[in-house]
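Just so we're clear, the structure is a prediction, and the values are computed from it rather than from any experiment. Each residue takes its place number in the sequence, starting with 1. Computed over heavy atoms, backbone and side chain alike; hydrogens, waters and symmetry mates excluded.
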Amino acid sequence: MQKNNDGLRPSSADLQNSASVEYFAASHAHYSSMVTLAMGLAMAVILLAVVVLVTGALGEEYRRLLSGLLAVREVTAIGFILGASALYLRCMHSGTRRAALRKLAVGLAVLLLALGVVSLVLGVMYTLGWLPLDAAHPVSPLAIPPLLALGFVLMALALLLHDWRLLGGYYPAEYLAFTIMGLSAIPLVGYLYDVSQFIYLDFPLPISLLSSLVFALLGAALLMARPSHPLMAVILRMAPGGQMLRHLLPQTLFLLLAFSLLLNWGMTHGWILPELVLPTLTLINGVIVLFIFWGSASRLDSEYGERTRNAQKLAETSALLNAVSESTSDPIFVKNRQGLMIFANPATLHKLGKTWEETMYRSSRELFLVEEEADTIDRDDRRVMASGKPEKLEQTLHLPEGVVTFQTAKVPWFGKDGSVQGVIGISTDITERKQAEDELRQRESQLEKTVIQRTALLRELTNHLETVREEEKRAIARELHDNMGASLTALSMHLEGVYQILPPDEKWADRKSRMQGLMKSLVATTRRIQTELRPNTLDLFGLKAAISEQLDELHERTGITCRASLPDEDVEVGHEMEIAIYRMLQEMLNNVTKHAKASKVDVILDIDEDHVALTVRDDGVGIPEERRDNHKTYGLRGLRERATFFGGEVDIRSTPGKGALISISLPIRPELAASES
């Protein structure tokens with residue numbers, strides 16, 4: 001295994017050889033629980049030390065109840081608080097505050113070291129008799145048994161060197177922690193076997209049982225705080241050595257201690273001679289060790305054979321998986337439930353611009369440059385784990401090589417028991433495709449703008465052509481009115497003179513009536529053409545009068561019953577819009593005449609401050625749907641084009657056999673109406 005400053009962590013080669021990401025995730029989860037237990041022990045020691053300090057202020061009746069706590073001196077309690085607090089801070093990993101917490105832990109460890117050195121010097125001086133000790137000169141409040149003071153010094157050194165590693169991969173802090181536990185065992189054995197020399201160690205005051213237990217707990221907590229360090233990892237690993245150690249060590253210690261106590265009890269009561277204690281103890285301990293290790297060796301051999309067979313099968317599968325993982329250009333990663341990276345293939349490491357040691361067991365905020373993007377990734381991971389369903393996500397991230405867009409498939413990672421262990425992700429770099437899509441979208445946007453501009457130009461041109469045509473119609477209508485009308489009037493007057501000189505003959509009377517009828521027809525046709533080209537009523541009397549006149553003409557020409565609903569006030573919408581409304585009404589009435597087969601028509605003109613609406617409703621056969629949507633139907637298409645030019649819209653509703661309703665709504669532009677007025 002490769003190692004870094006934070007302890008032992010699996011390398012890429014380890015993953016290839018062990019071939020099980022789940023194994024590492026389970027180990028890391030076990031490590032996390034050990035760190036949590038270490039923090040719990042540290043907090044319990046802090047609370048116990050606080051209670052010791054508080055008992056100094058209690059009354060005498062409480063002192064008798066807490067005599068065991070009072071055996072711990074105040075300086076010892078302060079040392080426990082400093083050491084346990086520094087250990088608790090060492091166990092915390094809170095991202096951005098990590099450096100500040102580490103500095104605070106170092107400061108507390110330095111204070112503990114100073115306290116331990118001072119207490120150790122005073123304790124040694126009392127032990128050697130260099131300081132007077134009598135009723136007039138009691139033991140100094142800062143003086144504690146040298147063994148406890150030495151424990152504080154060792155603990156402070158262990159905290160300061162907690163993550164410091166020697167060249168051989170060894171951590172001095174682990175050996176210091178074992179030393180602390182060994183020192184605490186001396187007074188514990190003294191209390192167990194009632195050996196006062198182990199309790200006092202030539203110091204005026206005894207080492208309290210509670211202090212010895214607390215030191216043992218702190219030594220164990222120091223080991224559990226870094227479960228990935230070599231000595232502690234041996235115990236926690238899932239390997240056979242770790243399993244054997246976890247099973248054998250408690251059994252062996254318990255049995256040896258039990259038989260030792262039993263022999264001591266028998267010797268105290270005179271049942272066992274003192275000269276037989278050592279041979280008996282040696283014999284019993286040998287038998288115990290023999291049976292325990294023989295049985296463990298048999299079980300280990302059986303497990304080893306089974307594991308060898310499983311490892312062979314796993315190696316074949318792992319070789320294929322590793323080949324895919326290592327050779328693919330797509331990033332593949334695995335995270336545990338805490339959101340920490342526990343596996344990353346070379347493509348992932350290349351994208352992150354980090355090594356394996358810089359990536360493993362790091363959070364998203366430690367891996368990605370932008371915190372908002374890291375928080376979004378964590379939210380997505382939590383959602384996938386909570387739902388238990390795979391998701392496909394698109395993520396744009398700022399990486400060392402630049403801004404990269406990924407399409408990531410994330411799936412929940414289930415353990416053997418069916419619980420969610422984390423999330424597995426496979427990402428595909430779609431940056432080039434996204435750029436192409438953005439360019440295509442930009443071109444589409446430009447094309448849409450061009451189409452809109454061209455459409456606007458075409459509508460302007462169409463409106464201009466309509467205006468020119470209206471002007472031409474107006475000019476032709478004026479010519480018909482001025483020239484043709486005058487000529488027909490003069491011709492009629494001349495014919496009246498001719499009629500007077502015609503012989504009173506039946507033959508000439510018939511010709512006279514035919515000539516008069518022809519003249520009337522010619523005048524009517526001229527007037528109808530003139531009205532269709534440009535109704536004088538629209539120019540002289542406005543839109544309302546022109547609509548009424550048009551409906552009257554339709555009724556006279558076709559016999560269709562026409563009803564009009566017009567506003568009471570004058571319609572002031574501008575001359576150009578009046579012409580457009582009039583022409584659209586002409587087109588709608590022309591459709592009614594040609595296709596509707598209607599017997600009656602209702603025309604409704606409504607106007608308010610902002611809009612003018614023209615509605616034509618008939619009781620004919622209706623407009624088929626294919627004809628409504630047919631762009632080759634130029635009548636309806638012309639209505640829409642005219643309405644669109646003015647910013648309005650056309651609504652066509654029809655039911656086969658029940659007539660049709662066409663409604664046109666146009667916004668009124670006051671500035672245009674005012675300028676035309």
Out of curiosity, [X] [atom1] to [Y] [atom2], how far, rounded to the nearest 0.5 Å?
| X | Y | atom1 | atom2 | value |
| --- | --- | --- | --- | --- |
| Gln338 | Tyr361 | CD | OH | 11.0 Å |
| Leu397 | Thr376 | CG | OG1 | 9.0 Å |
| Leu218 | Leu159 | CG | CG | 9.0 Å |
| Leu150 | Leu201 | CG | CG | 11.0 Å |
| Asp438 | Gln435 | CG | CD | 7.5 Å |
| Leu160 | Leu176 | CG | CG | 10.5 Å |

[X] versus [Y], closest heavy-atom pair with distance:
| X | Y | value |
| --- | --- | --- |
| Ala109 | Ala86 | N-CB, 4.2 Å |
| Ala173 | Leu161 | CB-O, 3.5 Å |
| Ser329 | Ala347 | O-CB, 3.6 Å |
| Ile46 | Ala84 | CG1-CB, 3.4 Å |
| Val411 | Val384 | C-CG1, 3.9 Å |
| Tyr171 | His162 | CD2-O, 4.1 Å |

[Y] side chain reached by [X] side chain, heavy atoms, under 4.5 Å:
| X | Y | result |
| --- | --- | --- |
| Leu148 | Leu120 | no |
| Leu115 | Val75 | yes |
| Ile377 | Leu393 | no |
| Asp380 | Gln395 | yes |
| Ile426 | Thr328 | no |
| Ser211 | Phe80 | yes |
| Leu222 | Met155 | yes |
| Leu367 | Lys354 | yes |

Spell out, as yes or no, whether a donor-acceptor pair under 3.5 Å connects the side chain of [X] to the backbone of [Y].
| X | Y | answer |
| --- | --- | --- |
| Tyr126 | Ser140 | yes |
| Asp163 | Arg226 | no |
| Thr127 | Gly123 | yes |
| Arg337 | Val420 | yes |
| Asn336 | Gly422 | no |
| Glu373 | Val370 | no |
| Arg90 | Ala225 | no |
| Ser85 | Leu82 | no |

For this session: Before giving the answer on side chain to side chain contact (heavy atoms under 4.5 Å, CB included), spell out for Leu223 and Met34 the whole-Å C-alpha distance, their side-chain angles and the decisive distance to 0.1 Å.
Result: CA-CA 9 Å; Leu223 290 174; Met34 294 302 295; over 6 Å; no
Problem set entry | Arg433/Glu437 under salt bridge (Lys or Arg N to Asp or Glu O under 4.0 Å): CA gap, chis, key distance, verdict | CA-CA 6 Å; Arg433 191 182 78 185; Glu437 291 178 356; 3.6 Å; yes
For this session: Report the residues that fulfil ring-ring contact (aromatic ring centres under 6.0 Å, His included) with Phe333, sequence neighbours left out, ordered by chain and then residue number.
Result: none
For this session: From the options Ile342, Leu349, Thr348, select the one residue that forms a side chain to side chain contact (heavy atoms under 4.5 Å, CB included) with Thr359.
Result: Leu349
For this session: Please lay out, stage by stage, how Leu89 and Leu108 fare under the test side chain to side chain contact (heavy atoms under 4.5 Å, CB included).
Result: CA-CA 10 Å; Leu89 295 176; Leu108 294 176; 3.9 Å; yes
Exercise. When you look at Leu41 and Met224, which way does the side chain to side chain contact (heavy atoms under 4.5 Å, CB included) test go after all the steps?
Worked result: CA-CA 10 Å; Leu41 291 177; Met224 290 186 288; 3.1 Å; yes
Problem set entry | Modelled atom types, side-chain donor and acceptor of Thr36 and Ser33, under 3.5 Å | no
For this session: Apply the test side chain to side chain donor-acceptor pair (under 3.5 Å) to residues Glu74 and Thr76: give CA-CA distance (whole Å), side-chain angles for both, the deciding distance (0.1 Å), then the verdict.
Result: CA-CA 5 Å; Glu74 286 80 359; Thr76 306; over 6 Å; no
For this session: Would you please test Lys351 and Phe406 for side chain to side chain contact (heavy atoms under 4.5 Å, CB included) and show each step?
Result: CA-CA 11 Å; Lys351 290 293 184 182; Phe406 292 102; 4.0 Å; yes
Seminar exercise, completed: Test salt bridge (charged side-chain N to carboxylate O under 4.0 Å, His left out), reference Glu391, set Lys410, Arg379, Arg383, output is Arg383
Problem set entry | Listed partners of Glu394 passing side chain to side chain contact (heavy atoms under 4.5 Å, CB included), at least two apart | Thr405, Ile430, Lys434
Exercise. Parallel, tilted or perpendicular for Phe215 and Phe152, by the 30°/60° rule?
Worked result: tilted
Exercise. Taking everything shown except Tyr200 itself, do over 12 heavy atoms lie less than 6.0 Å from its OH?
Worked result: no
